[in-house]
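A short write-up of the structure that comes next.
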Amino acid sequence: MKLIEDRPNGQSIQIWECRSCEATRACRPGWLTRCHVCLDERTDPSIAEAYGMIFESMITTDEERQKLRDIYGVGANEWIDDVDAHGLIMYNTVQDELLMHERPGWSVLAADIAGLPWGGHSGRRSSHGVWGRHDACGTVQSMRAVECAVCPPTPGSRTHRARAESPQLLYLVAFDDPAGVGSLVKFGHGSRRRVLDHISGGAVPLLVLRATFRQVVKAERKLAARYGCDAVGAITGLPASFERGTEVVPAGLNVDLHRVLSGTGVTDVTELFSIATPERAPVT
Ligand SMILES: [Zn+2]
Ligand SMILES: [Zn+2]
C-alpha cells in the first residue's frame, strides 16, 4: 500500500492506495492497512470460493462475461477463478460506496469498509469513514461534513456553523393544561416567530433570552439533558406549536434559563413579547 494522504490538516486519517489494483482505502494512523480488494495469504480460501459461487449467478450475459475478461485480461477460453471473482466484487463494492458519497464540488478519495476484503462483517465493525477533497480549497475532509470546514459558508447557508453568530432566542413559556395535568412550561429555542406562535396558541412568555445561535443551542441541549425525562409528551390540549411535547414539563420543576445561558451578549428580551400576550380571562 502506498501512502497518498498523511494526516491532512492534522486530522487523524491516512489514505492509502494499493500498488497492485490502485483501490484506495482510508485508515487511522497506526493501523495495519490492507487493500479492500486484493487477497493474500491471510484470507480464508473458502470465502473466495463462496464469492466465486455468488459471482457465477451474477454474470449471465455474454457481454458481462466479456467485460469481466477484459478487466482481468483473460482470454476467451480461460477461466476466471474464485479469487478474481472475489476481487471484482470487492472492487465494485468499494466503487459503489464512493459513488454514494459523490456530490458537486467534492472529489471522493477513499472509503473504509469494515470487513473487506474478508467478505464478512465478523471482524471489527467500525469504519474510518469516507474522505474526499473539497475542490475549492483542496483540503481533505470527512464526507460526513455538511459543508467545508475551511471555506467560508456560502451566503444563506442554514447550517449551524453559518448561523453560529446570528441572534437566536431561548424561551420559557407557560401554559395551563386544560386536561387537568396542571401548569406546564415549555422551553425551546427559535426565532421571534416561534415564540409568537406559542403565544397565539395560548401560552404566556415567562422569560425570553437573546444570545448567539451557538450559545442558545448549547444552552438548550443542557435543558434537554436535565429536563427531557420529565417531558409530558404529546398529551391532548397542548397548543399545536408545542408539537410532540418533548420540551414541555411541569411548571413545578422551576426550569431556570439563566442557569444554562448567562454572561456577556445574553439579553433579556421578555418585554418585547409581553405586549403580544392576549388578555387572559380570569380563572373562576
Ligand atoms: Zn489491491
Ligand atoms: Zn473548502
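Position 1 is the first residue of the sequence; numbering continues from there. As the structure lists them, so they are numbered: ligands from 1, and atoms in each ligand from 1.
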Evaluate the side-chain proximity of Val94 to Glu97: yes if any heavy-atom separation is below 4.5 Å, no if none is.
no

Do Leu170 and Glu220 have side chains that get closer than 4.5 Å, going by heavy atoms?
yes

Please confirm whether Phe242 and His198 have ring centers closer than 6.0 angstrom.
yes

With sequence neighbours excluded, tell me which residues meet ring-ring contact (aromatic ring centres under 6.0 Å, His included) with Trp106.
His134

Ignoring hydrogens and angles, write down the donor-acceptor pairs under 3.5 Å from the side chains of residues 259-267, residues two or more places apart or on other chains.
none

Identify the two heavy atoms, one from Arg133 and one from Gly138, that lie closest to each other, and give their separation to 0.1 Å.
NH1-O, 3.2 Å

Can you check the number of protein N/O/S atoms within less than 2.8 Å of the Zn ion (ligand 1)?
4

Using modelled atom types and a 3.5 Å cut-off, is there a donor and acceptor pairing between side-chain atoms of Asp256 and backbone atoms of His258?
yes

Just by modelled atom types, is the Gly233 backbone N or O under 3.5 Å from a matching donor or acceptor in the Arg244 side chain?
no

Geometric class of the Phe187/Tyr227 ring pair [parallel <30°, tilted 30-60°, perpendicular >60°]
tilted

Contacts of the Zn ion (ligand 2) with protein N/O/S atoms, counting only those under 2.8 Å
His134 ND1, Cys137 SG, Cys148 SG, Cys151 SG

